Amino acid sequence: MVLRTLREKREDLADLADIFVTGQFGKVPLNSIAEIIPSWQPSVIARRNGIPTVTVGARVETGILANSVAADIQPKIEARLAALPPGYFVEQDGELEETSKAQLQTVRAIGIAIVLMLLILIIQYNSLVKPAVILFAVPMGMIGALIGLLVTGWPLGFMAMLGILALGGIVINNAIVLVDFVESNVAQGLDLRSAVASAGRLRMRPIILTTLTTVGGLLPLSLYGGPLWAPMTNGMIFGLIVSTGLTLFVIPSLYVLFAEKMGMKVT
């Protein structure tokens, strides 16, 4: 049974006793037929997956990461949970839960993207070894991205993983350009090592200029993009810088190694 008084009489619990209710013998005061005992109870019982749930949230200061807050309060939550009766449990929600879901989806997307790129490269070069040499540029980009996130203090969240995915396409493009120039030089009559050296010299300036212009374009988001854009751009910036330096030396060296030691067909 729900009883609701007039709006002007809702501010004082004592007014409940003066409410008149209609009965068999007319209107009578509520306190003449009932004992009024005020008590606290939830106005709404929230449920999640059918389980009664209490949600505790907080607003954090600007610049403080959710991962850092969760790590600080986790020991206190576990101590509090140990004092509760059996059947109670705690789940993380909000930004942490959304980040976990996004990371899982991003990992799946990265796997699909790598498989598609591998298939395209195999079809393009009609070889299994050359795509492996080209895709070796991806880990080099990830090395730089992870270093960048570590140095700048940003977590490996959804936006950072999105930046790594975009970074993979850029470094693969640089590796493809190098390999194509090497094979073009070999087709023109140069021996393998001379072709590799020539390709490195000719493509060094364009690759470095492309990297610098991309880094320059990402700097505003890195400095002023906040928690949304800074993790992505910092990972891309450091990844581009490290991968550019490594790609110019590692990819040609691997190409020569596979061609001379493992019999990879050059053209």
Side-chain angles (χ1 to χ4, degrees), residues 99 102-152 154-183 196 199-200 202-218 221-222 229-259 261-262 264-266:
T99 299
Q103 286 179 343
L104 179 60
Q105 295 173 355
T106 304
V107 168
R108 292 175 180 172
I110 291 175
I112 294 172
I114 291 176
V115 171
L116 289 176
M117 287 188 292
L118 181 61
L119 290 175
I120 293 172
L121 291 173
I122 291 174
I123 295 172
Q124 178 69 28
Y125 289 104
N126 194 26
S127 170
L128 291 174
V129 182
K130 290 181 183 177
V133 174
I134 293 172
L135 289 177
F136 195 81
V138 175
M140 293 188 292
M142 290 188 65
I143 292 172
L146 295 177
I147 292 174
L149 293 174
L150 179 63
V151 170
T152 56
W154 291 105
L156 185 60
F158 171 72
M159 294 302 292
M161 295 182 71
L162 195 62
I164 292 175
L165 183 60
L167 175 66
I170 298 174
V171 298
I172 287 176
N173 178 69
N174 291 338
I176 290 174
V177 170
L178 273 176
V179 170
D180 282 348
F181 262 76
V182 170
E183 295 189 347
V196 169
L202 291 174
R203 296 310 304 168
M204 179 179 294
R205 182 180 298 175
I207 289 176
I208 291 177
L209 288 177
T210 301
T211 299
L212 292 179
T213 53
T214 306
V215 169
L218 293 173
L221 287 176
S222 173
W229 297 107
M232 182 184 75
T233 52
N234 283 326
M236 291 185 67
I237 288 173
F238 280 82
L240 282 171
I241 293 173
V242 172
S243 66
T244 298
L246 292 176
T247 298
L248 290 171
F249 296 97
V250 175
I251 297 301
S253 301
L254 281 176
Y255 192 90
V256 172
L257 177 65
F258 276 83
K261 304 297 182 181
M262 302 182 64
M264 182 183 70
K265 187 177 179 181
V266 176

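Please read these numbers as outputs of a predicted model, since none were measured by experiment.
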Given side chains that start at C-beta, do those of [X] and [Y] come closer than 4.5 Å, heavy atoms only?
X: Leu121; Y: Ile176; answer: yes
X: Met140; Y: Val171; answer: no
X: Val182; Y: Pro252; answer: no
X: Phe238; Y: Thr152; answer: yes
X: Ile207; Y: Thr247; answer: no
X: Leu178; Y: Asn174; answer: no

[X] [atom1] to [Y] [atom2] distance, which is reported to the nearest 0.5 Å:
X: Ile241; Y: Leu246; atom1: CD1; atom2: CG; result: 12.0 Å
X: Thr213; Y: Leu218; atom1: OG1; atom2: CG; result: 9.5 Å
X: Met142; Y: Leu165; atom1: CE; atom2: CG; result: 10.5 Å
X: Met161; Y: Leu104; atom1: CE; atom2: CG; result: 9.0 Å
X: Ile237; Y: Met232; atom1: CD1; atom2: CE; result: 10.0 Å

Over all atoms of both residues, closest heavy-atom pair of [X] and [Y]:
X: Gly235; Y: Leu167; value: O-CD2, 4.2 Å
X: Leu118; Y: Pro131; value: CD1-CB, 3.7 Å
X: Ile251; Y: Val179; value: CG2-CG2, 4.3 Å
X: Ala160; Y: Leu149; value: CB-CD1, 3.9 Å
X: Lys130; Y: Glu183; value: NZ-OE2, 2.5 Å
X: Val133; Y: Tyr255; value: CG1-N, 4.2 Å

**Message:** If you count heavy atoms of other groups shown closer than 6.0 angstrom to CZ of Phe136, is the number above 12?
**Reply:** no

**Prompt:** Would you say Met117 has more than 12 foreign heavy atoms packed within less than 6.0 Å of its CE?
**Reply:** yes

**Asked** Step by step, would you call Thr210 with Ile170 a side chain to side chain contact (heavy atoms under 4.5 Å, CB included)?
**Response** CA-CA 10 Å; Thr210 301; Ile170 298 174; 5.8 Å; no

**Prompt:** Are the side chain of Ser243 and the backbone of Gly239 linked by a donor-acceptor contact shorter than 3.5 Å?
**Reply:**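 Answer holds: yes.
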
**Given Ile114, Ile164, Ile172, the one that forms side chain to side chain contact (heavy atoms under 4.5 Å, CB included) with Val138** =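 Only one option passes, and that is Ile172.
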
